[in-house]
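Notes to accompany the following structure.
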Amino acid sequence: MAAYLIADVEITDPLIFEEYRAKVPAVIAAHGGRYLVRGGAHQRLEGNAELHRVIVIEFPDMAKLKSFYDCREYLPLIELRQKSSRSSLFAVNGV
């Protein structure tokens with residue numbers, strides 16, 4: 001069953017975030033992930049949550065998603081992302 005990493009990212013330091021954005025796709029692909037949404041225009045339909053840059057990445061299953069998130073190659077990228085943005089990430093199983 002597919003699993004999805006869903007992120008809302010507010011970029012606070014574009015220069016540092018650009019380094020993250022340049023390096024992370026290869027790590028995602030190495031774990032079977034692929035972008036479905038990568039910061040496109042969005043529109044709130046209900047509620048009052050404020051979204052910034054929305055990312056949705058599909059993985060073959062939750063184990064692959066977790067292997068990506070927990071891998072040693074992603075650890076320094078997490079630090080870059082956290083240094084250059086405020087973000088919320090969620091792992092969600094598909095149907």
Side-chain angles (χ1 to χ4, degrees):
M1 167 186 322
Y4 301 89
L5 187 147
I6 302 170
D8 176 39
V9 180
E10 179 182 8
I11 299 168
T12 57
D13 188 326
L15 187 60
I16 294 173
F17 191 82
E18 185 57 37
E19 183 180 352
Y20 170 83
R21 189 168 42 196
K23 292 179 177 179
V24 75
V27 180
I28 290 169
H31 291 271
R34 69 182 185 109
Y35 286 96
L36 299 180
V37 175
R38 193 174 185 191
H42 61 274
Q43 183 178 77
R44 178 180 22 196
L45 299 177
E46 294 186 20
N48 55 11
E50 182 179 342
L51 295 176
H52 302 90
R53 180 178 172 82
V54 178
I55 296 95
V56 179
I57 305 168
E58 181 182 52
F59 289 87
D61 54 42
M62 187 61 75
K64 288 283 193 181
L65 187 158
K66 292 292 290 166
S67 74
F68 155 72
Y69 188 80
D70 295 331
C71 77
R72 63 181 173 80
E73 296 84 6
Y74 189 51
L75 182 60
L77 299 180
I78 290 173
E79 293 173 9
L80 276 177
R81 179 176 43 78
Q82 290 176 343
K83 186 176 180 180
S84 63
S85 69
R86 287 186 283 278
S87 49
S88 297
L89 278 69
F90 303 90
V92 181
N93 272 318
V95 294

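Values below: every heavy atom of this structure, side chains too, minus hydrogens, waters and symmetry copies.
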Remaining members of hydrophobic cluster (4.5 Å side-chain criterion), [X]:
X: Tyr69; value: Leu5, Val9, Ile11, Ile16, Phe17, Tyr20, Val24, Val27, Ile28, Tyr35, Ile55, Ile57, Phe59, Met62, Leu65, Phe68, Tyr74, Leu77, Ile78, Leu80, Leu89
X: Leu75; value: none
X: Met1; value: none

Give me the atom names and distance for the closest heavy-atom approach of His31 to Pro60. O-CD, 4.2 Å
Close side-chain approach of Lys83 and Glu19, heavy atoms under 4.5 Å: no
Summary of salt bridge (Lys or Arg N to Asp or Glu O under 4.0 Å) pairs that have at least one residue in residues 40-50, sequence neighbours excluded: none
Could you give all pairs that pass the ring-ring contact (aromatic ring centres under 6.0 Å, His included) test and reach residues 36-57, with sequence neighbours left out? none
Check for a donor-acceptor pair, side chain of Thr12 on one end and backbone N or O of Ser84 on the other, with a separation under 3.5 Å. yes
Could you measure the distance from the CZ atom of Arg21 to the CD atom of Glu18? Nearest 0.5 Å is fine. 4.5 Å
If I take atom CZ from residue Arg81 and atom CD from residue Glu79, how far apart are they, to the nearest 0.5 angstrom? 10.5 Å
Please name all residues satisfying side chain to side chain contact (heavy atoms under 4.5 Å, CB included) with Ala2, sequence neighbours left out, ordered by chain then number. Tyr4, Glu58
